[in-house]
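Being a predicted model, the structure only gives us computed values, none of them experimental. We name chains A, B, ... by the order of the sequence lines, and we start the count at 1 in each one.
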There are 2 protein chains.
Amino acid sequence: MTGGRTTEQPPAPPVDAGPGPLITLGVIRTGYATREDCPRRPWSRPEPARIHLAPAYADIVLGLVPGVRLFVLWWGHQSDRDILTRPVVHDAPPIGVCASRGVHRPNPIGVTLAEILDTAPGVVTVRGMDCVDGTPLLDLKPALTLAGTHLQ
Amino acid sequence: MTGGRTTEQPPAPPVDAGPGPLITLGVIRTGYATREDCPRRPWSRPEPARIHLAPAYADIVLGLVPGVRLFVLWWGHQSDRDILTRPVVHDAPPIGVCASRGVHRPNPIGVTLAEILDTAPGVVTVRGMDCVDGTPLLDLKPALTLAGTHLQ
């Protein structure tokens, strides 16, 4: 702890710099009908999931090919956004939601590492997804560089 | 390519399942005043960044400690959200923004792997950030499990 570092007062972000409205770029079809069905260790589950792009956004996946690992960003539409902390064990203080990877958090943006199995116009089939069927897609980002250099 | 996989028509997400409004949980202070100043390989840049939580959300980081690697989710408030594809080389077709990690995309949510250097009430000091000074914070997620098992 370096208390001195906390004395600096940060400026509030500019009024026009706040997050804008999110766009549903597509829908993620998985075999998990409910949150309870979703795997805790998705990389141990081979079931493919299909990411269906909305027609207006089909071009955003041009260039993605099978074998590419990517981060799938999705909106946890079943999350409780009012939860800020969560218990760990009965006699320990709670931890903040940012110290966990649970789905309940103020901005329920899921980040799942997945691997592309197949691509077709407007559809990307992946393995490794852990969200419920019908989850809104927010973004896809290649993870190869991170996996190969940054996270090793 | 398995064209048959594309024949299934996905249902549109329920009307009430779309992304809700994002909340600015804090502000990320970095040494990069402009996007041009931001490093391409942030893990090669030791400069610390300070994540200042908004007072109402200070508890969401309880339990985070130095040494933890986490994904910092931030809002690219300087991004062009209308860009869907980008050129690669002059004689090749463009790729979709989801085949790149550029900042310009319909939902400009940055995902940066960072390492905690220090924690204090309402402030988390990290290294590895690559966003401009004053970027709105959206979320933090521990990356240890991914780094230790999933991405190795």
Side-chain angles (χ1 to χ4, degrees), chain A residues 1-3 5-6 10-14 17-19 21-25 27 29 43 50 52 57 59-64 71 73 75 77 84-85 93-101 105-107 109 111 113 118-123 125 134 136 138-142 146-147 150-152, chain B residues 1-3 5-6 10-13 17-19 21-25 27 29 43 50 52 57 59-64 71 73 75 77 81 84-85 93-101 105-107 109 111 113 118-123 125 134 136 138-142 146-147 150-152:
Chain A
M1 302 285 284
T2 335
R5 289 184 175 172
T6 71
L22 290 168
I23 300 167
T24 298
L25 302 183
V27 58
R29 303 304 316 273
W43 50 94
R50 294 192 187 99
H52 295 263
Y57 295 99
D59 285 352
I60 65 177
V61 297
L62 292 174
L64 291 175
F71 290 115
L73 275 60
W75 182 256
H77 57 288
L84 302 184
T85 63
I95 62 172
V97 291
C98 289
S100 88
R101 293 185 57 93
R105 47 217 308 134
N107 290 317
I109 300 168
V111 178
L113 183 72
D118 178 70
T119 61
V123 183
T125 302
L138 297 180
D139 197 13
L140 302 169
K141 298 177 188 293
L146 287 170
H150 192 188
L151 288 174
Q152 71 187 0
Chain B
M1 304 283 283
T2 343
R5 290 184 176 173
T6 71
L22 290 168
I23 300 167
T24 298
L25 302 183
V27 58
R29 303 303 316 274
W43 50 93
R50 295 194 186 99
H52 295 263
Y57 294 99
D59 286 352
I60 65 176
V61 298
L62 292 174
L64 290 175
F71 290 115
L73 276 61
W75 182 256
H77 58 288
R81 306 186 62 181
L84 302 185
T85 62
I95 62 172
V97 291
C98 289
S100 88
R101 292 184 57 91
R105 48 219 304 135
N107 290 318
I109 300 168
V111 178
L113 183 73
D118 179 68
T119 61
V123 183
T125 303
L138 296 181
D139 197 13
L140 302 169
K141 298 178 188 292
L146 286 170
H150 192 185
L151 287 174
Q152 71 186 1

Name the region of B/L73, side chain, backbone, both or neither, that has any atom closer than 4.5 Å to a heavy atom of chain A.
side chain
About how many Å separate CG of A/L22 and CZ of B/R81, when rounded to the nearest 0.5 Å?
6.5 Å
Spacing of A/N107 atom CG and B/T24 atom OG1 [to the nearest 0.5 Å]:
8.0 Å
Measuring from A/L64:CG to B/S100:OG, what's the distance to the nearest 0.5 Å?
9.5 Å
Looking only at A/I95, A/V97, A/I60, A/L25, the option with the highest number of non-hydrogen pairs under 4.5 Å against chain B is A/I60
On a heavy-atom basis, which atom in B/I109 and which in A/D139 lie closest, and how many Å separate them?
O-OD2, 4.2 Å
Out of curiosity, A/R105 CZ to B/L140 CG, how far, rounded to the nearest 0.5 Å?
8.0 Å
Look at B/T85, B/V61, B/L84, B/D59 and state which one has the largest set of heavy-atom pairs under 4.5 Å with chain A.
B/L84
Out of B/P106, B/P93, B/P94, B/G63, return the one with the most heavy atom pairs under 4.5 angstrom to chain A.
B/P106
